[in-house]
Amino acid sequence: MHVVLVGPGRIGAWLRLRLEACGHQIVELSRADYGDFLAPEYTPGASVDRLQSCDAVVLLAGRFELNADLEQMGQQNATGPIRVAEAIHTRFPKAQVIAFLDARIRWAERDVPVSIRSYLAAKRRLARWVLGAAYCWGEEAGTRVNAIAPGPVLAPPDPAHREKGGHCLTPRPTLEDIGRAVQFLLETPSVTGQVLYVAAGQQLL
């Protein structure tokens, strides 16, 4: 299977190794590769045009920032990744999509700290797109669109972005848990329009 990782980052770097070990062929697309998705009119980068094959797209692109501007977070965590997914879908309409969200999108608004409201609003918007795309693209081309909503897997590299760890209902999620979740979605043809929480139950708290 040819899997394209959009905005690989730290989780993506580990995920690439795991997927390659499972026999998948991986292509990574960074900002320089997929173009400026924040431009008013998005033009896919040359690397997108040069893709020879794509069976699945994993949307890892995004940015976490405390007390961020609402519009900025919406562009970086929703509009941008969606634009790249749509550009690839135009060329490879059968390629399934796996978007990365955040388990805290399930929290009631009253429980969301002010510092991450803009960030979570963008992730919720991406989650709504996943459901809409699963329906529309599924009817048009049989495309599967799902999402993974991780919990506290890795601490943010910037100490200023680190938050006090919350309570978990099970052992904390690991990179291996994320890998198994991605593999499940890649290999299960009947699953679409789903958000898979890999969060040790934190989405419930």
Side-chain angles (χ1 to χ4, degrees), residues 1-9 11-12 15-16 19 22 24-31 33-63 73-103 105-106 120-150 178-198 203:
M1 182 179 292
H2 291 80
V3 181
V4 176
L5 303 181
V6 177
I11 288 180
L15 192 57
R16 173 175 189 155
L19 293 176
C22 293
H24 301 300
Q25 298 184 49
I26 310 300
V27 174
E28 293 183 0
L29 295 182
S30 66
R31 175 67 66 86
D33 298 317
Y34 55 68
D36 182 10
F37 63 26
L38 302 183
E41 296 295 331
Y42 173 61
T43 301
S47 295
V48 174
D49 292 333
R50 287 197 299 267
L51 286 174
Q52 297 298 308
S53 182
C54 179
D55 299 308
V57 181
V58 181
L59 295 177
L60 294 155
R63 178 180 175 83
M73 285 291 96
Q75 287 285 319
Q76 294 182 335
N77 291 298
T79 302
I82 290 169
R83 283 175 165 176
V84 179
E86 290 175 340
I88 296 176
H89 176 75
T90 298
R91 294 197 55 216
F92 305 100
K94 295 289 187 181
Q96 65 170 296
V97 179
I98 301 174
F100 266 64
L101 306 175
D102 187 302
I105 62 173
R106 281 282 302 272
L120 284 188
K123 288 295 188 179
R124 286 169 175 154
R125 181 178 154 202
L126 183 58
R128 291 191 295 271
W129 174 83
V130 165
L131 300 182
Y135 180 79
C136 294
W137 290 358
E139 279 207 323
E140 293 170 0
T143 311
R144 296 196 295 120
V145 185
N146 293 291
I148 292 174
I178 297 295
R180 281 192 288 263
V182 171
Q183 196 70 31
F184 167 75
L185 292 176
L186 290 176
E187 296 178 350
T188 312
S190 61
V191 176
T192 192
Q194 299 297 314
V195 177
L196 183 56
Y197 289 86
V198 186
Q203 76 275 15

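Counting begins at 1 with the first residue of the sequence.
Using a distance-only test at 3.5 Å, with no hydrogens or angles considered, no donor-acceptor pair links the side chain of Asp49 to the main chain of Ala46. Between the side chain of Asn146 and the backbone N or O of Val191, at least one donor-acceptor pair lies under 3.5 Å. Using modelled atom types, one side-chain atom of Gln52 and one backbone atom of Arg50 make a donor-acceptor pair closer than 3.5 Å.
Scanning both residues, Gln96 and Leu186, for their nearest heavy atoms gives NE2-O, 3.2 Å. Across every non-hydrogen atom of Pro8 and Leu29, the tightest pair is CD-O, 3.6 Å. Nearest heavy-atom pair, Gln203 versus Ala103, reported as atom, atom and distance to 0.1 Å: CB-O, 3.3 Å. Nearest heavy atom pair, residue Cys54 against residue Val57, reads SG-CG2, 3.6 Å. Contact record, Leu5 with Gly12: CD1-O, 3.7 Å, taken as the closest heavy-atom pair. Of all the heavy atoms in Pro81 and Ala61, the pair that sits closest is CG-O, 3.5 Å.
Within the 4.5 Å cutoff, no side-chain heavy atoms of Leu19 are placed close to those of Cys22. Residues Ile88 and Tyr34 have side chains not in contact (no heavy-atom distance under 4.5 Å, counting atoms from C-beta outward). The side-chain heavy atoms of Val97 and Trp137, taken from C-beta on, include a pair separated by under 4.5 Å. Using a 4.5 Å heavy-atom cutoff, the side chains of Lys94 and Asp55 are not in contact. In this structure the side chain of Val182 reaches within 4.5 angstrom of the side chain of Ile98, judged on heavy atoms. For the pair Val27 and His2, the minimum side-chain heavy-atom distance is 4.5 Å or more. The closest side-chain heavy-atom distance from Val84 to Tyr42 is below 4.5 Å. Phe37 has its side chain out of reach of Gln75: every pair of non-hydrogen atoms, C-beta onward, lies at least 4.5 Å apart.
The side chain to side chain donor-acceptor pair (under 3.5 Å) search around Arg106 returns none, not counting sequence neighbours.
Sorted by first and then second residue, the side chain to side chain donor-acceptor pair (under 3.5 Å) pairs with a member in residues 82-92 form an empty list; sequence neighbours excluded.
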Inset, instruction - Take Leu126 and Asn77, measure what side chain to side chain contact (heavy atoms under 4.5 Å, CB included) needs, and give me the verdict at the end. - result: CA-CA 7 Å; Leu126 183 58; Asn77 291 298; over 6 Å; no

